[in-house]
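Side chains are part of it too, since the values below use all heavy atoms of this structure and drop only hydrogens, waters and symmetry mates.
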Amino acid sequence: MLLSQTLVPTLRETPSDADVASHVLLLRAGCIRQLASGLYSWLPIGLCVLRKIEVIVREELARAGAQEILMPVVQPAELWLESGRWDVMGPEMMRMRDRNDRDYALAPTHEEVVSDLIRKAIVSYKQLPCNLYQINTKFRDEIRPRFGLLRAREFVMKDGYSFHLDDASFELTYQAMFDAYSRILNRIGLDFRAVDADPGTMGDGESHEFHVLAESGEDAIAFSPASSYAANVEKAEAVATGDLDKPALTLEKKPTPDVRTIDDVAQLFQVAAKQTIKTLVVKGTSSLVGLVLRGDHQLNEKKASRLPEVAQPFEFASEDEIRAALACGPGSIGPVNLHVPFYVDRSAAIVSDFICGANEDGFHFTGANWKRDATATRVVDIRNVVEGEPAADASGPLKFIRGIEVGHIFKLGTKYTAPMNVTIQDAKGVSRELIMGCYGLGISRLVAAAVEQCHDDEGIIWPEAIAPAMLHIVAINYSRSDAVRAAAHDLYDRCLDAHIDVFLDDRDERPGVKFADADLLGLPHRVIVGERNLAEGRLEYSYRRSELELVTPTQVLERLQS
RNA sequence: CGGAGUGUAGCUCAGUCUGGUAGAGCACCGUCUUCGGGAGGCGGGGGUCGAAGGUUCAAGUCCUUUCACUCCGACCA
């Protein structure tokens with residue numbers, strides 16, 4: 001590309017509404033422009049990157065046996081009513097009506113549409129397994145779009161779906177997709193980690209996320225350096241170490257006016273927070289439900305929302321509801337004499353002589369103990385793991401890193417095929433619900449994730465595999481020097497002949513501007529064409545901002561092709 | 001949804017408290033000089049000051065409403 005003829009509106013200053021590195025740099029490098037909250041236009045070189053990722057994704061999915069299709073972004077409500085998700089999805093799914101007053105949704109995902117497609121198009125088990133994918137625009141009306149492309153409302157996603165007659169077939173494809181994702185991220189050149197994950201609203205089965213490691217990642221990953229164990233903190237199992245000690249203290253009710261938080265309690269009684277017990281109150285299926293945790297632990301809502309007596313969707317009880325049901329405020333609740341059902345976290349269930357709310361405003365119990373003072377009948381894992389505690393596979397202490405979730409693959413079972421009646425007769429003529437898998441990969445998010453991982457203060461440092469071009473030719477004094485112009489175009493043409501993507505900065509700009517933009521755009525190879533060295537037939541070459549070295553044009557081609 | 005902040009030129013921002021002709025730097029156009037890390041001179045173009053309503057002789061500035069964007073939170077026992 002000739003930069004003089006390409007829309008690359010680089011920005012000298014950081015736009016005021018961009019915060020994270022990828023957002024700032026993609027804007028400054030002229031890759032994207034924001035239209036509205038969570039909505040972005042792709043400019044030529046940003047689109048180059050997006051397309052390069054798509055090529056890699058297509059190649060690896062083809063290798064893994066998936067077929068590309070394209071499905072509508074506007075979807076009739078009927079399908080979503082059929083799967084039961086029309087009401088479950090909430091305002092995240094954008095809805096609209098057509099001129100005939102029919103309800104539609106803007107696709108947040110495509111399970112329903114692909115399931116409908118399969119039940120109509122697949123007529124024999126001999127056509128199975130079937131593994132389809134598309135690269136398409138999705139729309140999710142996020143609670144809070146942020147971080148530019150990392151959490152946009154409209155975004156480009158590769159979503160794949162596979163259908164199988166039996167588990168064995170499904171597992172083969174699931175593993176093939178897992179491997180394909182690993183290959184894709186390796187080819188792009190990103191540092192990533194595949195982890196056990198919580199499937200959220202997508203399903204109930206196993207799932208794995210693929211995270212690009214970056215400090216700015218929204219997710220925390222717990223992993224064991226001593227083993228292959230890695231899980232999203234949302235999912236990582238928290239184990240309780242030790243046993244319940246014998247009670248040493250007697251139960252006493254102490255006045256605790258104005259004490260509302262665990263910090264207050266620990267401060268007042270001069271004990272560590274881990275010696276206290278806190279009780280959260282949430283809405284349940286038939287009454288309010290208590291969730292009992294050690295004072296220093298954090299509730300994991302994903303885990304808690306899976307408990308049978310906890311209402312869906314997960315919601316904390318309001319102070320009014322708590323007062324109506326328990327006759328005290330939320331700061332004074334405890335498991336002793338609690339008159340609603342409650343679950344006790346594993347770690348909370350082995351604390352002895354603890355301090356907890358007395359279910360009476362202004363009072364706490366000290367010296368409380370399980371069995372004697374309160375019964376923990378439902379002991380479950382409902383907290384977040386903490387860095388340094390033992391991993392669930394007993395391999396040693398956990399460490400945390402942050403990641404950007406770029407891929408998520410799910411074992412859906414018959415969650416969609418059952419309600420949508422996606423069945424096929426097997427070889428014996430028995431009608432079977434198909435086993436389904438779902439495989440998402442955020443293409444536009446990958447662009448941002450790559451920038452998060454690959455940049456410095458001056459600009460982007462694109463991984464070679466997805467760089468908008470391989471070579472950036474900085475032509476110094478382009479418009480006045482015939483020699484520079486000739487040499488720059490000679491190199492440019494040789495690259496084109498060799499099918500090497502190349503940018504030539506042929507703009508009538510001062511050198512400083514061109515250097516700064518080259519840094520911002522971050523192509524792997526750079527050549528400076530200037531009269532200074534042209535007399536000796538030399539160009540200045542650098543790779544990924546390394547020191548300049550003097551080389552001939554032929555040597556540049558060799559570097560590019562090696 | 002709750003809280004906070006910001007909306008003035010393409011970009012970054014002054015000006016708002018204390019009402020009185022719309023500003024700067026960069027960018028853009030012309031021109032001269034300069035030419036290896038975001039140059040300098042001279043001249044120029046560009047604004048319904050987010051929108052609507054109100055107060056006032058007079059509103060970017062005060063009041064009311066509203067919209068947009070950003071940030072924090074949606075864990076509190």
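Distance from the side chain of A/V513 is smallest to B/A39 among B/G73, B/G36, B/A39. Listed candidates were B/A77, B/C69, B/G36. Nearest to the side chain of A/I322 is B/A77. With B/C69, B/G37, B/A77 as the candidates, the nucleotide lying closest to the side chain of A/S37 is B/C69. Comparing B/G36, B/U70, B/G37 by their nearest atom to the side chain of A/D519 picks out B/G37. Listed nucleotides B/G36, B/C1, B/C35 differ in distance to A/I143; the shortest reach to its side chain belongs to B/C1. The side chain of A/P330 sits closest to B/A77 out of B/A77, B/A39, B/C72. Taking the side chain of A/K278 as heavy atoms from C-beta on, and the options B/G73, B/A77, B/C69, the nearest nucleotide is B/A77.
Counting heavy-atom neighbours within 6.0 Å of A/E549 CD, excluding the residue itself, gives a total above 12.
Looking at A/E540, its side chain comes within 3.5 Å of the base of B/G36 through a donor and an acceptor atom. Interface remark: the A/R510 side chain does form a donor-acceptor pair with the B/U34 base, using a distance-only criterion of under 3.5 Å. Donor-acceptor pairing under 3.5 Å, judged by distance alone, is absent between the side chain of A/R146 and the base of B/C71.
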Polar atoms only, N or O, under 3.5 Å: list the protein pairs with nucleotides 5-13 of chain B and their distances.
residue : atom : partner : partner atom : Å
B/U12   : OP1  : A/S16   : N            : 2.7
B/U12   : OP1  : A/S16   : OG           : 3.3
B/U12   : O4'  : A/E13   : OE1          : 3.4
B/U12   : O4'  : A/E13   : OE2          : 3.4
B/U12   : O2'  : A/E13   : OE1          : 3.2

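Nucleotides B/C72 and B/U34, compared at atom C1', are 49 Å apart to the nearest Å. Taking atom P in both B/C35 and B/A22, the straight-line distance is 42 Å, to the nearest Å. Comparing the same atom, P, in B/U66 and in B/C1 gives a spacing of 12 Å after rounding to whole Å. As rounded to the nearest Å, B/U56 and B/G15 have P atoms that lie 28 Å from one another. Comparing the same atom, C1', in B/C63 and in B/U55 gives a spacing of 7 Å after rounding to whole Å. B/C11 and B/G20 have their C1' atoms separated by 31 Å, with the value rounded to a whole Å.
Judged by distance alone, the side chains of A/E452 and A/S22 do bring a donor and an acceptor atom under 3.5 Å apart.
Both tests hold for A/R559 against A/Y541: distance to the six-membered ring centre under 6.0 Å, angle to the ring axis within 45°.
When both distances must be under 3.5 Å, the Watson-Crick or G-U wobble mate of B/G36 does not exist. Pair assignment for B/C69: B/G5, on the basis of Watson-Crick or G-U wobble contacts that are both within less than 3.5 Å. In this structure B/U64 sits in a base pair with B/A52, meeting the Watson-Crick or G-U test at under 3.5 Å. Across all strands shown, B/G43 pairs with B/C29; the Watson-Crick or G-U wobble distances both stay below 3.5 Å. For B/C57, the paired base is B/G20 (Watson-Crick or G-U wobble, both distances below 3.5 Å).
Paired with A/L471 under the rule side-chain contact (heavy atoms from CB on, under 4.5 Å), one option of A/L504, A/D501, A/V527 passes, and it is A/V527. The one candidate from A/L534, A/L548, A/L550 that meets the side-chain contact (heavy atoms from CB on, under 4.5 Å) condition with A/L539 is A/L534.
Put simply, the side chain of A/R28 gets close to the backbone of A/L11: a donor and an acceptor are under 3.5 Å apart. Between the side chain of A/D353 and the backbone N or O of A/P247, no donor-acceptor pair lies under 3.5 Å. At least one donor-acceptor pair closer than 3.5 Å links the side chain of A/E387 to the backbone N or O of A/F400.
Atom CG of A/D264 is separated from atom P of B/A77 by 9 Å (rounded to the nearest Å). Remark: C1' of B/C35 and CD1 of A/I528 are 15 Å apart, rounded to the nearest angstrom. One can place CG of A/L27 at 13 Å from C1' of B/U70, the figure rounded to the nearest angstrom. Computed from coordinates, the A/R507 CZ to B/G36 P distance equals 17 Å when rounded to whole Å. In this structure, the CG atom of A/D508 is 14 Å from the P atom of B/U33, given to the nearest Å.
Ring geometry, A/H525 versus A/Y543: the interplanar angle falls from 30° to 60°, so the pair is classed tilted.
At a threshold of 4.0 angstrom between heavy atoms, the contacts of A/V281 include nucleobase atoms, whether or not backbone atoms are also involved. At the heavy-atom level, A/I262 lies under 4.0 Å from the strands shown only through sugar-phosphate atoms. If you check every strand for non-hydrogen atoms under 4.0 Å, A/D517 touches a base. Residue contacts shown for A/G357 are absent, as no nucleic acid heavy atom lies under 4.0 Å away.
If you find the closest nucleotide of RNA chain B to A/R532 and to A/F147, the one lying nearer the 5' end belongs to A/R532.
A distance of 6.0 Å or more separates the ring centres of A/F354 and A/H364.
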